[in-house]
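For ligands, and for the atoms within them, numbers begin at 1 and follow the listed sequence.
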Amino acid sequence: MKYYRFLLPAFLLLSIIGHAQIKLNSFSPGARWPDDKGVHINAHGGGILYNNGVYYWFGEHKVAGNAGNRAMVGVHCYSSKDLYNWKDEGISLSVSPDPASDIAKGCILERPKVIYNKKTKKYVMWFHLELLGKGYSVARAGVAVSDKVTGPYQFVKSYRPNPGQMPFYPELTPQSDQLNCLSPANKSDGFFCRDLPGGQMARDMTVFVDDDGKAYHVFSSEENYTLDLAELTPDYTGHTGKFIRIYIGHQTEAPALFKRNGIYYMIGSGCTGWAPNAARWFTAKSIWGPWTYHGNPCQGQDSQITYGGQSTHVLPVAGKKDAFIFIADKWTPKDAIDGRYLWLPISFKGDDMEINWIDKWSLDTFEK
Ligand code: DGJ
């Protein structure tokens with residue numbers, strides 16, 4: 001009986017210790033990253049929206065094991081003011097229990113990204129969607145909206161963008177000259193022409209809002225052979241039909257776009273499933289191109305496999321000049337929930353960029 005007198009205080013003490021979170025003040029790429037509850041952050045293939053002084057990280061909520069490669073829960077959201085410490089804001093878009101829904105539990109829902117539309121005052125989430133039981137064959141873009149940044153987001157629609165539309169050519173380049181659907185010049189053109197009536201395939205993706213408020217959707221298309229960069233409608237929930245094809249035939253996945261000193265930068269990866277490969281970067285003076293390929297931005301050991309990761313987003317740090325963070329996923333498809341995050345600072349020499357591995361770093365790096 002006397003032991004019972006100690007049980008309650010001991011239990012209280014243990015639960016206080018269990019919940020006391022260490023405040024983080026640095027990034028440790030590849031390490032487990034505890035949220036405010038001490039649980040490893042579950043937001044893979046993610047993107048970050050900076051909104052009213054707060055960063056919101058949206059990503060795929062994965063479950064344990066192989067099943068985690070399909071969407072069993074939805075899109076998870078976290079918030080942070082300092083980028084090191086993240087508060088769990090819960091599930092912002094839930095998959096549906098209805099197997100007939102486009103976003104049925106068990107579908108594939110990847111790389112969610114959220115942008116804010118100042119005119120409609122809505123938060124708009126885009127993602128790559130594959131319908132339940134169809135593998136990666138459907139290749140659609142999905143969109144959901146919310147009045148509140150953390151959600152709940154309401155699913156709007158999913159489809160293949162730009163049916164019946166030919167690419168926009170700001171200047172006729174030899175490449176664009178060659179797109180002739182009566183006799184496609186290569187594999188990629190062939191896939192483009194095949195999909196012309198029903199809309200182009202849309203897999204790995206990102207969204208980007210330019211300084212003038214126009215938004216763009218960048219996605220792997222044509223069986224992943226080519227990247228499309230497509231304009232979104234003024235409310236950001238559809239495509240206008242204006243788009244270009246980038247780096248045709250070279251299989252670019254995992255696009256992440258940012259702007260610095262008036263130049264558009266894009267980082268992407270090759271196409272090797274969940275296995276890492278070398279990153280690649282591009283620049284353009286106009287969003288409509290031409291986009292110039294510059295090779296691999298990563299330097300040093302393991303740079304040929306992006307240090308084990310694959311790009312998902314580049315985050316401009318608010319209030320700091322020239323401060324951009326390269327964000328990649330280190331996938332663990334056998335136990336998807338254990339996927340790690342690689343956050344690394346980007347360094348610039350003139351307009352050239354470089355990424356180097358650092359075991360541990362903080363935002364002070366950008367002041368040096
Ligand atoms: C690589 C993509 O970048 C991921 O988002 C995912 O689709 C895997 N391929 C699936 O193998």
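Ranking the protein heavy atoms by distance from atom 3 (O) of ligand 1 puts Asp204 OD2, 2.4 Å first. Residue, atom and distance of the protein heavy atom nearest to atom 10 (C) of ligand 1 are Tyr136 OH, 3.4 Å. If you check which protein heavy atom lies closest to atom 9 (N) of ligand 1, you get Gly273 O, 3.3 Å. Counting protein heavy atoms only, atom 5 (O) of ligand 1 is closest to Arg111 NE, 3.0 Å.
Each of the following atoms of ligand 1 lies closer than 4.0 Å to a heavy atom of Gln310: 1 (C), 2 (C), 3 (O). Every atom of ligand 1 is numbered from 1 in the order shown, and the set under 4.0 Å from a heavy atom of Glu110 is 4 (C), 5 (O), 6 (C), 7 (O).
By the 6.0 Å and 45° rule, Lys320 does not stack over the aromatic ring of Phe366. In this structure, Arg111 forms no cation-pi arrangement with Phe127, as its terminal cationic atom is not both closer than 6.0 Å to the ring centre and no more than 45° off the ring axis. The cationic atom of Arg260 (NZ for Lys, CZ for Arg) does not lie both less than 6.0 Å from the six-membered ring centre of Phe324 and within 45° of the ring axis.
Taking the six-membered ring where the residue is Trp, Tyr265 and Phe258 present parallel rings, their angle staying beneath 30° rather than reaching 60°. Between His44 and His40, the ring-plane angle classifies as perpendicular under the 30° and 60° cut-offs.
Residue Trp331 places no N or O, backbone or side chain, under 3.5 Å from any N or O of ligand 1.
Checking each of Lys62, Lys330, Arg32 against Asp338 for a side chain to side chain donor-acceptor pair (under 3.5 Å) leaves exactly one that passes, namely Arg32.
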